[in-house]
Trainee: 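Next up is a structure, given as structure tokens.
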Amino acid sequence: MPDYKPQTIEKKWQDRWRDARAFEVTEDPEKPKFYCLEMFAYPSGHAHVGHVRNYMIGDVVARMKRMRGFNVLHPFGWDAFGLPAENAAIKAGTHPEKWTLDNIAHMKGQLQRLGISYAWEREIATCLPDYYRWNQWVFLKMLERDLAYRRRSNVNWCPSCNTVLANEQVIDGKCWRCGTTVTTRELEQWFFRITHYADELLDASETLTEWPEKVLTMQRNWIGRSEGARVRFALSGPESRVAGRDSRLADHANAEPETANSHPPAVNEPPAASRQALAAIEVFTTRIDTIYGANFIMLAPEHPLVQEWSQEAGADEFRRSLQRFQSQDRTARLTGEVEKEGFDTGRTAINPFTENPVPIWVANFVLIEYGTGAVMGVPGHDQRDFEFAKKYNLPITRVVEDAAMTHGAAEASSAASQAYDGAGSLVESGEFTGLDWEEANRQMTAAAQQRKIGEGTVQYRLKDWGISRQRYWGTPIPVVYCKACGMVPVPSDSLPVLLPKVVEFSGRGDSPLAQIPEFVNTTCPHCGGPARRETDTMDTFVDSSWYFFRFCDPKNTELPFDPDKVAYWGPVDFYSGGVEHAILHLIYSRFFCRVFRDLGMTNMSEPFTRLLTQGMVLKNGQVMSKSKGNVVDPDDMIQKYGADALRLYVMFVAPPEKEIEWTDAGLEGSWRFLARVWRVVDQLAETIGGEGIPSPAELELNDAERGLRRKTHDTIRRVTVDLDPRVHLNTAVSAMMELVNELYAFCGRTDCLRIGQQAEELSTVGAVERASTVAVLKESVEALVRMISPFTPHMAEELWEVLGHTGGIVAAGWPAFDEAVAKAEEIVIPVQINGKVRARLTVPADTSEDRLRELALADPQVVRHLEGKAVKKVVVAAGRLVSIVAG
RNA sequence: GCCGGGGUGGCGGAACUGGCAGACGCUCGGGACUUAAAAUCCCGUGACCGUAAGGUCGUCCGGGUUCGAUUCCCGGCCCCGGCACCA
């Protein structure tokens with residue numbers, strides 16, 4: 001008997017699959033489709049086990065679905081633009097393209113050696129013009145529809161390094177590299193108007209019933225919707241000037257916060273209205289019900305009015321205070337690590353509800369990015385405001401009292417030690433006094449609106465997505481700047497704007513494209529005059545926001561994809577990847593899907609029906625990484641144990657969404673199991689592989705045979721539901737292990753194989769005498785081989801062939817089970833007395849409740865325990881247990 | 001602080017709608033085979049008491065509902081993840 005030799009088998013089947021184009025698919029309206037996708041890979045070099053776990057999970061699903069008759073699209077590709085390629089270029093002098101393509105070649109080999117069933121003919125790499133030209137195409141469409149726009153925004157700038165810095169690279173206001181004090185600089189940045197879909201993205205998250213709650217929560221937090229009101233406090237006092245009527249600050253404050261490989265976001269935003277004098281200060285509040293307690297106003301240091309006042313003659317003191325705040329570390333200010341402080345501007349505004357003048361302060365903890373950059377100070381009901389008021393001796397009043405508080409406590413509470421932010425009803429609040437705070441919120445918002453001093457509004461944490469990157473290895477943004485015509489989009493028919501190959505990497509941080517005159521200098525598509533190209537490239541998250549559509553039609557040269565093809569394949573039925581993409585990639589993709597929908601390219605709103613976030617693979621308690629030196633290279637494991645054992649181990653050790661701790665012993669255990677499967681199947685092949693063996697359904701079976709048959713059908717049932725819809729891959733494997741144990745026991749019992757006597761090999765005892773034994777074994781073994789094939793496809797195919805089949809295991813289909821056969825004929829019913837199991841009854845499965853009660857009460861163990869006690873009650877759950885209450 | 005997910009043997013983990021807690025695997029121990037070892041096959045492995053039959057305890061802690069709770073309810077502790085001076 002040949003030993004289990006995974007390496008030989010695996011090579012053989014991988015070659016066959018490739019030659020037969022086994023996993024390539026086309027649209028087939030006759031068959032139900034299934035789009036199975038794993039997040040494509042960044043070609044960083046070598047994939048480790050942590051990376052490939054995801055592909056294994058997807059492959060089990062894809063292979064299983066194929067066997068169940070689905071037309072399965074299972075493609076793969078490369079998220080190939082990005083910073084590491086550029087860094088490698090600077091460091092090693094390799095061109096980013098060569099570095100990237102070499103890595104892709106290596107990693108593709110790794111995936112093929114794992115036997116992942118990809119439709120490789122659909123492979124895409126985002127760094128190739130066939131792909132990124134469609135980024136440019138979408139960009140232009142978005143520009144047409146005002147979903148892409150350009151805006152000046154402030155970024156951190158190091159004057160010595162001559163580069164933009166990320167917020168994280170600014171330490172105590174200084175450059176992390178050279179220690180120079182960081183300044184801000186205004187740069188033109190491109191944005192995608194994702195906030196246009198903020199509400200829809202939030203609301204539609206309700207429809208994503210097959211997404212993990214964790215991810216939905218993260219997305220909701222990220223979008224950060226909060227309902228409140230804007231209220232205008234008119235300026236008063238001698239210094240106030242009344243100029244423009246509209247005091248609205250610009251809405252969308254700034255760029256997307258920092259992302260993993262992003263370029264720094266805007267630091268702050270001088271709103272459009274900044275250069276006008278304002279008639280009123282608009283504040284954002286979620287607690288308009290407390291406005292009678294608003295005893296002061298606080299502005300962000302970057303607030304336009306503050307900026308304006310600081311310019312005035314004689315405002316030296318003002319300027320000094322302001323500069324102090326502005327020199328405070330930005331990150332520390334954002335996270336509240338600096339002490340809360342402020343200064344009085346000397347100006348006042350009118351609280352529109354009390355009509356009392358309130359002082360206007362500047363406070364370093366008010367953020368220009370959020371709301372209107374101005375807040376009302378309600379020290380009675382907000383802890384920060386309370387501390388601020390205490391510090392600067394501002395009046396504290398309570399306007400909401402909970403029911404337990406004695407009436408008239410309002411004044412006394414000014415001496416309280418903290419703000420009250422709980423529920424209650426209003427006091428000292430004019431016509432609103434006595435209302436419950438939530439009702440007051442509604443009525444006061446309406447009143448503000450009616451009196452034209454404010455309105456209900458919704459505020460989001462989500463900001464528009466800043467996509468400009470001063471980098472080489474990305475998609476060129478397809479616009480040019482012409483002296484005469486201004487910004488002019490590159491016409492669609494002259495796409496792609498190719499990324500030039502020859503480039504020098506200064507490492508200076510400015511876009512390398514700006515150094516290439518042949519790229520920069522062009523002609524204006526509009527007037528034909530001289531023009532300069534945009535030299536920033538797109539954030540790589542643009543590339544990954546729609547690649548799943550491209551897979552449906554990867555060779556299309558007319559459009560990013562044929563809408564009909566996407567209509568057939570979409571949406572992605574099963575999508576798996578790491579949780580680290582829960583926010584960025586998964587929100588961007590949902591955004592892009594809506595953009596394509598609104599372009600009329602698809603009628604889907606959501607791209608991914610089911611999402612699985614797979615857990616990481618740890619070794620020695622830590623995430624695998626090259627720098628920690630704890631990576632497990634799948635190729636090493638394949639050499640030792642084979643791809644199948646590796647796949648099985650990773651699938652078995654824990655549920656897919658949990659993290660796993662790598663152990664060599666565990667992998668070895670899986671290898672042992674496969675060798676055990678191999679032995680029993682191979683050894684039985686001659687007996688059960690013949691022609692004309694009837695189905696056991698048509699034969700008279702003895703007890704042992706019926707037992708094995710029952711186990712077989714029950715296992716098929718369990719594995720089937722564990723895989724689909726549950727995707728409990730670990731329990732599916734354990735069910736199959738049980739079946740194998742049962743097969744060994746059966747063979748030992750019926751003497752059809754000699755097990756365990758002479759060791760290394762099993763020995764066939766001779767022709768199995770009973771036809772029914774052969775039939776039952778055949779059914780069991782063939783079901784096993786088919787069920788295990790999504791996990792260990794190479795071994796399964798080989799065994800299928802050994803069993804005398806041609807045409808492959810997918811064609812054989814998924815095994816069916818008979819519910820009636822799967823059910824046990826005899827079951828063990830526990831008998832509880834006062835909650836403790838005291839006896840077990842072995843009875844036919846269909847024993848009636850009355851009969852069970854009778855048998856239980858007659859059982860000697862039960863009788864013994866009931867001695868001297870009176871039976872008060874007997875509960876019988878047919879098929880489950882008998883519970884006796886006695887005392 | 002707000003939102004979400006968790007807490008089960010020495011370890012990874014099972015337990016579908018409340019019904020025998022610990023499936024399956026790892027580790028460890030024992031046996032068979034072998035001159036021997038490896039491999040293989042079989043058996044055992046939550047804790048405590050007992051020679052055994054059997055008993056007691058046991059799913060983070062404290063209560064509750066129920067004939068019966070890992071599962072449901074109330075209160076608390078701890079861990080993980082997200083958001084957070086967000087007004």
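Here is the naming used below: chain letters follow the sequence lines, and residue numbers restart at 1 for every chain. Every value quoted in this text rests on a predicted model; they were computed, and no experiment measured them.
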Trainee: So which atom in A:H381 and which in A:V399 form the shortest heavy-atom distance, rounded to 0.1 Å?
Mentor: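 Nearest heavy atoms, A:H381 then A:V399: NE2-N, 2.9 Å.
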Trainee: Check whether any side-chain nitrogen or oxygen of A:R880 sits under 4.0 Å from OP1 or OP2 of B:G18, and answer yes or no.
Mentor: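 No, no such contact exists.
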Trainee: With a 4.0 Å cutoff (strictly under), does any side-chain N or O of A:R853 reach OP1 or OP2 of B:C67?
Mentor: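 For B:C67, neither OP1 nor OP2 has a side-chain N or O of A:R853 closer than 4.0 Å.
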Trainee: Can you tell me how far P in B:G29 sits from the matching atom in B:U45, rounded to whole Å?
Mentor: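 Taking atom P in both B:G29 and B:U45, they lie 16 Å apart.
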Trainee: How long is the line joining NZ of A:K658 and C1' of B:G6, in whole Å?
Mentor: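 Between C1' of B:G6 and NZ of A:K658: 8 Å.
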Trainee: Return yes if a side-chain donor-acceptor contact under 3.5 Å exists between A:R461 and A:N221, otherwise no.
Mentor: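 Not at all, the side chains of A:R461 and A:N221 share no donor-acceptor pair under 3.5 Å.
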Trainee: Determine: side-chain N/O of A:R230 to OP1/OP2 of B:A87, distance under 4.0 Å, yes or no.
Mentor: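 No, A:R230 has no side-chain N/O under 4.0 Å of OP1/OP2 on B:A87.
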Trainee: Looking only at atom C1', what distance separates B:C72 and B:C2, rounded to whole Å?
Mentor: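 So the two C1' atoms sit 26 Å from each other.
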Trainee: Pick the nucleotide of RNA chain B nearest each of A:W671 and A:T285; which residue has the one closer to the 5' end?
Mentor: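 Here A:W671 is the residue nearer the 5' end.
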Trainee: Could you give the distance separating B:G9 and B:G58 at their C1' atoms, to the nearest angstrom?
Mentor: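 Those two atoms are separated by 10 Å.
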Trainee: If I take atom CE in residue A:M651 and atom P in nucleotide B:G13, what distance separates them, rounded to the nearest angstrom?
Mentor: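 Computing the A:M651:CE to B:G13:P distance gives 14 Å.
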Trainee: Indicate, with a heavy-atom threshold strictly under 4.0 Å, whether A:H381 touches base, sugar-phosphate, or nothing.
Mentor: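 Counting heavy atoms under 4.0 Å across all strands, no contact is made by A:H381.
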Trainee: Syn or anti for B:G9, given that syn means the glycosidic angle lies within 90° of 0?
Mentor: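 Because its glycosidic torsion lies within 90° of 0, B:G9 adopts the syn conformation.
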Trainee: Say we look at B:G1 and B:G50: how far apart would their P atoms be, to the nearest angstrom?
Mentor: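 Each nucleotide's P atom is 49 Å from the other's.
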Trainee: Choosing from B:A14, B:U27, B:C83, which nucleotide comes nearest the side chain of A:N730?
Mentor: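 For the A:N730 side chain, the nearest candidate turns out to be B:A14.
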Trainee: Using the side-chain heavy atoms of A:R864, tell me which of these nucleotides is nearest: B:G54, B:G12, B:G19.
Mentor: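 Within the option list, the nearest is B:G54.
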Trainee: Just checking A:Y392 against A:F296, ring centres under 6.0 Å apart?
Mentor: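 Between A:Y392 and A:F296, the centre distance exceeds or equals 6.0 Å.
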Trainee: Please pick, from B:C83, B:C26, B:A87, the nucleotide with the shortest atom-to-atom distance to any side-chain atom of A:A665.
Mentor: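 Per side-chain heavy atoms of A:A665, the pick is B:C26.
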Trainee: According to a strict under-4.0 Å criterion, is A:H728 in side-chain N/O contact with OP1 or OP2 of B:A14?
Mentor: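 Negative; the distance criterion is not met.
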Trainee: Assign A:R672 to base, sugar-phosphate, or nothing according to its heavy-atom contacts below 4.0 angstrom with the strands shown.
Mentor: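 Sugar-phosphate contact only.
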Trainee: Mind checking A:K214 for me? I need base, sugar-phosphate or nothing, with any heavy atom below 4.0 Å counting as a touch.
Mentor: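 Answer is sugar-phosphate: A:K214 comes under 4.0 Å of backbone atoms only.
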Trainee: Using the C1' atom as the point on both nucleotides, what is the distance between B:C60 and B:G55, in whole Å?
Mentor: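 It comes out at 27 Å once rounded to the nearest Å.
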Trainee: Rounded to whole Å, please give me the gap between CG in A:N620 and P in B:G12.
Mentor: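 Those two atoms, CG and P, are 15 Å apart.
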Trainee: Just the rounded figure in Å: distance from C1' of B:C67 to CD1 of A:I884.
Mentor: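 After rounding, the reported distance stands at 10 Å.
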Trainee: Look at A:R220 and B:C3 and indicate whether a side-chain polar atom (N or O) is within less than 4.0 Å of OP1 or OP2.
Mentor: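 A:R220 to B:C3 OP1/OP2: no side-chain N or O under 4.0 Å.
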Trainee: Given B:G19, B:C42, B:G25, identify the nucleotide with an atom nearest to the side chain of A:Y744.
Mentor: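 The nucleotide sitting nearest to the side chain is B:C42.
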Trainee: What is the nucleic acid contact for A:V366, judged by heavy atoms within less than 4.0 Å: base, sugar-phosphate only, or nothing?
Mentor: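 Answer is base: heavy atoms of A:V366 come under 4.0 Å of a base.
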Trainee: Which one, B:G5, B:G19, B:C86, comes nearest to the side chain of A:E213?
Mentor: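 Shortest atom-to-atom distance from the side chain points to B:G5.
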Trainee: From B:G13, B:C20, B:C67, pick the nucleotide closest to the side chain of A:P830?
Mentor: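 Shortest atom-to-atom distance from the side chain points to B:C20.
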Trainee: Does B:C42 have its OP1 or OP2 closer than 4.0 Å to a side-chain nitrogen or oxygen of A:N741?
Mentor: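 No, A:N741 has no side-chain N/O under 4.0 Å of OP1/OP2 on B:C42.
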Trainee: Would you please classify the geometry between the A:Y4 ring and the A:W671 ring as parallel, tilted or perpendicular, with 30° and 60° separating the classes?
Mentor: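 Ring orientation of A:W671 relative to A:Y4: tilted.
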Trainee: Heavy atoms under 4.0 Å, any strand shown: does A:R717 hit a base, just sugar-phosphate, or nothing?
Mentor: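 If one applies the 4.0 Å heavy-atom cut-off, A:R717 turns out to touch nothing in the nucleic acid.
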Trainee: Given the P atoms of B:C67 and B:G30, what is the spacing between them in whole Å?
Mentor: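 Nearest-Å result for B:C67 against B:G30 at atom P: 49 Å.
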Trainee: With the threshold set at 4.0 Å, does a side-chain nitrogen-carboxylate oxygen contact exist between A:K391 and A:E339?
Mentor: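 Looking at A:K391 and A:E339, the cut-off is met.
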Trainee: Could you give the CE-to-P distance, from A:M737 to B:A14, as a whole number of Å?
Mentor: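 Checked: the CE to P distance equals 14 Å.
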Trainee: Taking atom types as modelled and ignoring hydrogens, do the side chains of A:Y460 and A:D199 form a donor-acceptor contact shorter than 3.5 angstrom?
Mentor: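 Side-chain D/A pair, A:Y460 to A:D199: present.
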Trainee: Stepwise, does the side chain to side chain donor-acceptor pair (under 3.5 Å) test hold for A:R220 with A:S205?
Mentor: CA-CA 8 Å; A:R220 287 176 192 134; A:S205 67; 3.2 Å; yes
Trainee: If we take the C1' atom in both B:A15 and B:C86, what is their distance in whole Å?
Mentor: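 That atom pair is separated by 44 Å.
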Trainee: What integer distance in Å separates A:E657:CD from B:G4:P?
Mentor: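 Rounding to the nearest Å, CD of A:E657 and P of B:G4 are 19 Å apart.
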Trainee: Taking 4.0 Å as the cut-off, does a side-chain nitrogen or oxygen of A:R838 come that near to OP1 or OP2 on B:C20?
Mentor: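 Result: no.
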Trainee: Output the single nucleotide from B:A87, B:C24, B:U40 whose closest atom is nearest the side chain of A:R679.
Mentor: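 Taking heavy atoms from C-beta onward, the closest nucleotide is B:U40.
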Trainee: Quick one: label A:R718 by what it contacts on the DNA or RNA (base, sugar-phosphate, nothing), any heavy atom closer than 4.0 Å.
Mentor: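 Counting heavy atoms under 4.0 Å across all strands, no contact is made by A:R718.
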Trainee: Taking CD from A:Q832 and P from B:C67, how many angstroms apart are they, rounded to a whole number?
Mentor: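 Those two atoms, CD and P, are 13 Å apart.
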Trainee: Can the ring centroids of A:F343 and A:F325 be said to lie less than 6.0 angstrom from one another?
Mentor: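 Distance test on ring centres: under 6.0 Å, yes.
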Trainee: Heavy atoms only, 4.0 Å cut-off, all strands: where does A:V215 land among base, sugar-phosphate and nothing?
Mentor: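 The answer is nothing, as A:V215 stays clear of every strand by at least 4.0 Å.
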Trainee: Picking from B:C83, B:U27, B:G4, which would you name as closest to the side chain of A:T217?
Mentor: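 Given the options B:C83, B:U27, B:G4, the side chain of A:T217 is closest to B:G4.
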Trainee: For B:G29, which nucleotide in any strand shown is its Watson-Crick or wobble partner with both distances under 3.5 Å?
Mentor: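 Paired with B:G29, as far as the under-3.5 Å criterion goes, is B:C43.
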Trainee: Considering heavy-atom distances to RNA chain B, does A:K873 or A:S670 have its closest nucleotide positioned more toward the 5' end?
Mentor: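 Its nucleotide being nearer the 5' end, the pick is A:S670.
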Trainee: When the C1' atoms of B:G4 and B:G10 are considered, how many whole Å apart are they?
Mentor: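 Looking at atom C1' only, B:G4 and B:G10 are 32 Å apart.
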Trainee: Mind checking if A:P655 touches a base, just sugar-phosphate, or nothing, with heavy atoms under 4.0 Å?
Mentor: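 If one applies the 4.0 Å heavy-atom cut-off, A:P655 turns out to touch the sugar-phosphate alone, with no base involved.
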Trainee: Heavy atoms only, 4.0 Å cut-off, all strands: where does A:G669 land among base, sugar-phosphate and nothing?
Mentor: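 The answer is sugar-phosphate, as A:G669 gets under 4.0 Å only of primed atoms, P, OP1 or OP2.
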Trainee: Whole angstroms only, please: what is the CD1-P distance between A:I660 and B:C24?
Mentor: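 Rounded to the whole Å, the gap is 21 Å.
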